[in-house]
Amino acid sequence: MTDVAFDRAVGDPTPVQPASRPNLDKGFNPLTMILFFGILAAGLLFVAYSIYVDVNATGTKVTTFLPYILLFVALLIALGFEFVNGFHDTANAVATVIYTHSLPAEFAVMWSGFFNFLGVLLSSGAVAFGIVSLLPVELILQVGSSAGFAMVFALLIAAIIWNLGTWYFGLPASSSHTLIGSIIGVGIANAVMRGRDGTSGVDWSKATEIGYALLLSPLFGFICAAVLLLLLKFIVRNPALYAAPEGNKAPPLWIRGLLIATCTGVSFAHGSNDGQKGMGLIMLILIGTVPTAYALNRALPESQVAQFQKVSDAASKVIAAKGAGHLIIGDPRPAVTQYITSHHISEGTYPSLSVLVKDVGDQVAKYGSLNKVPAEVVGNTRNDMYLTSEAIRFLMKDKENDLNKEEVATLNAYKGGLDSATKFIPTWVKVAVAVAIALGLGTMVGWKRIVVTVGEKIGKTHLTYAQGASAELVAAATIGAADVFGLPVSTTHVLSSGVAGTMAANGSGLQMATIRNLLMAWVLTLPCAIALSATLYVIFSRIF
């Protein structure tokens, strides 16, 4: 419906000035950029200082700077991924407020970047370790080895290459989708190089769970945004809400407030969810390069460590009872690792896990506090804890586990204690991801291409206030819910499909060329990311 037709429909025959394209070419104020880069510099100094303090607190003498050089390079690549992520996903959050003239483009970008920053700082970390759990367990346990570095570099560089390529062509591809594909590629390549079936290199149950989230969230965004728009039309009869902007005129104050609020919600939710993807990988990098400081959560209070010992004793009894009658001689770790890889309970699973649980409990009891674990054994203690936690995670899902509700509750409590010791994110890591400005700076540098696609190339008519608000509300709610459940979803897919849903519901029409390109990017992202990361992993494995 054109602006004139809309006016006639609501009883006003006076034509309005057609909506104009927002000014996307105005640069940032020099003072703003000085302040911005000042904050960036302060953030990076805080990161460097925090690493120094953490390493110094362990009392370890620095004998070589090679780990720190590797750490610096790996952190640059990890933050580079988040930087490019900002080109794509954060730009989606500002498209609606820019194209409805609710905020000037340069201010909208800074506003979104700030709330992305807050979202990252206040994130839970659940998504971060959900991503990490997709990686082959043997590579996670040997993350400080050459294979571990090859893994991290391959998956991050593959993700950056694909994200940059799709950004260049203005396609809102999913950074989440890309990273998952890169992880799967590394897993497959690692399994094949070790003489195993390629499908054994990936936790397919977790990959399927994440895949459902990535697959269903765009459909959810399309349908819910369309339904919300129709519901708004039924409940709120104010015609101003369903009109396109008049020229460069800002919308009425209440509509403007609604659009800014929804943009803020999407920005915060995006930072909270997407910002975590780099955090888990940064933690792997830290564990591999400076395990003495980051392999275990040294900030865990002694009271919590004492509570861990209690639940450890209870868990040990449960697992020992299941493994009664079987004797394990030698190292129990290979049998536990085999169970995690195959997901099949054998006669050695319970007795081996029982021995490993007892070993972990003995190690913690011996030192009394994670902060007192000696530097030379901290890596082994962390690996034992991680291996035990992953085995229990799979055991909880296994229909053959033969565990009652009380035993499941005991093992879950024990797993929670293990995870608090090994799956933690220091504040400075969150600051690094937020200030890179990883998300915020990426938005400020590369926002325009994606904003134009979302604002101009999805529907055949100009975006209305109600369409923008409906798409943003659904996107914020979807991403926020996914964050609670520890699942990564794509801001790009949810928001762009939400905009498409509102266009379809409004009868505005869709630009099928753009929709086709979006679908093509969605379909190609996974196989291309898998192929890229698998190839890079093979190359890097021969270099490191």
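Computed from a predicted model, the values in this text were never measured in an experiment. Quick note: numbers below take in every heavy atom, side chains included, and nothing from hydrogens, waters or symmetry partners.
- Side-chain atoms of Ser354 do not come within 3.5 Å of backbone N or O of Tyr350 as any donor-acceptor pair.
- Within the 4.5 Å cutoff, no side-chain heavy atoms of Leu122 are placed close to those of Lys430.
- Of all heavy-atom pairs spanning Ser267 and Asn116, the tightest one is O-OD1, 3.2 Å.
- Using a 4.5 Å heavy-atom cutoff, the side chains of Asn383 and Leu387 are not in contact.
- Annotation: the span from Arg393 atom CZ to Leu418 atom CG amounts to 13.0 Å, rounded to 0.5 Å.
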Could you walk me through whether Glu407 and Ile319 satisfy the side-chain contact (heavy atoms from CB on, under 4.5 Å) test, starting with their C-alpha distance in whole Å, then the side-chain angles of each, then the deciding distance to 0.1 Å, before giving a yes or no? CA-CA 9 Å; Glu407 291 169 337; Ile319 298 174; over 6 Å; no
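- Of the inter-residue distances, the one linking Leu532 atom CG with Thr525 atom OG1 reads 10.5 Å to the nearest 0.5 angstrom.
- We find the CZ-CD1 distance between Phe153 and Ile543 to be 10.5 Å, quoted to the nearest 0.5 Å.
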What pairs of donor and acceptor atoms, side-chain ones from residues 178-187 against any protein atom, are under 3.5 angstrom apart with sequence neighbours left out?
from   : atom 1 : to     : atom 2 : distance (Å)
Thr178 : OG1    : Asn163 : OD1    : 3.4
Thr178 : OG1    : Ser174 : O      : 2.7
Ser182 : OG     : Leu155 : O      : 3.4
Ser182 : OG     : Thr178 : O      : 3.0

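- Remark: Phe268 engages no residue in a ring pair (Phe, Tyr, Trp, His ring centres under 6.0 Å) (not counting sequence neighbours).
- Residues Thr410 and Ala315 approach most closely at CG2-N, 3.7 Å, considering heavy atoms.
- Nearest heavy-atom pair, Thr478 versus Ser217, reported as atom, atom and distance to 0.1 Å: CG2-CB, 4.2 Å.
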Starting from the C-alpha separation in whole Å, work towards a yes-or-no answer on side-chain contact (heavy atoms from CB on, under 4.5 Å) for Val429 and Leu286. CA-CA 10 Å; Val429 172; Leu286 291 170; 3.9 Å; yes
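- Between the CD1 atom of Ile425 and the OH atom of Tyr294 there is a distance of 13.0 Å, given to the nearest 0.5 Å.
- Ring geometry for Tyr414 against Phe308 counts as parallel: the plane angle stays under 30°, on a 0 to 90° scale with 60° as the upper cut.
- Taking the side chain as every heavy atom from C-beta outward, Val336 and Thr349 never approach each other to under 4.5 Å.
- Electrostatic pairing of Asp313 and Lys317 does not count as a salt bridge here, judged by no charged N lying under 4.0 Å from a carboxylate O.
- Take Pro374 and apply the side chain to side chain contact (heavy atoms under 4.5 Å, CB included) test, not counting sequence neighbours, and it matches Tyr367, Glu376, Val377.
- Atom OH of Tyr386 has more than 12 heavy atoms from other residues, nucleotides or ligands within 6.0 Å.
- Nearest approach of Ala78 to Ile285, heavy atoms of both residues: CB-CD1, 4.1 Å.
- Taking the centre and axis of the six-membered ring of Phe540, the NZ or CZ atom of Arg542 falls outside the cone set by 45° and 6.0 Å.
- The shortest side-chain heavy-atom distance between Ile287 and Thr422 does not fall under the 4.5 Å cut-off.
- Atom OG1 of Thr381 is separated from atom CG of Asp362 by 11.0 Å, given to the nearest 0.5 angstrom.
- In this structure, the separation between CG on Leu370 and CZ on Arg298 is 8.0 Å, given to the nearest 0.5 Å.
- Scanning all heavy atoms of the two residues, the minimum distance from Ala432 to Val47 falls at CB-CG2, 3.7 Å.
- Looking at heavy atoms from C-beta onward, Met283 lies in side-chain contact with Pro426 at the 4.5 angstrom threshold.
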One pair to check against side chain to side chain donor-acceptor pair (under 3.5 Å): Ser123 and Ser272. What are the steps and the verdict? CA-CA 5 Å; Ser123 59; Ser272 176; 5.4 Å; no
Can Val364 and Met385 be said to form a side-chain contact (heavy atoms from CB on, under 4.5 Å), step by step? CA-CA 10 Å; Val364 175; Met385 285 183 162; 3.5 Å; yes
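- Judged by distance alone, the side chain of Asn297 and the main-chain N or O of Ser420 form a donor-acceptor pair under 3.5 Å.
- Looking at Arg333 and Leu141, their side chains never come closer than 4.5 Å, going by heavy atoms from C-beta outward.
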Given the rule in the side-chain contact (heavy atoms from CB on, under 4.5 Å) test, do Leu524 and Trp162 qualify, once you have shown the distances and angles that lead to the verdict? CA-CA 10 Å; Leu524 292 178; Trp162 183 253; 4.3 Å; yes
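- Using a 4.5 Å heavy-atom threshold, the side chains of Tyr68 and Val290 count as touching.
- Counting only distance, with no hydrogens or angles, the side chain of Ser497 and the backbone of Pro218 share a donor-acceptor pair below 3.5 Å.
- In this structure the side chain of Val318 reaches within 4.5 angstrom of the side chain of Leu403, judged on heavy atoms.
- Between Thr292 and Ala375 the shortest heavy-atom distance is CG2-CB, 3.4 Å.
- With hydrogens and angles ignored, the 3.5 Å screen pairs a side-chain donor or acceptor of Ser541 with a backbone N or O of Tyr537.
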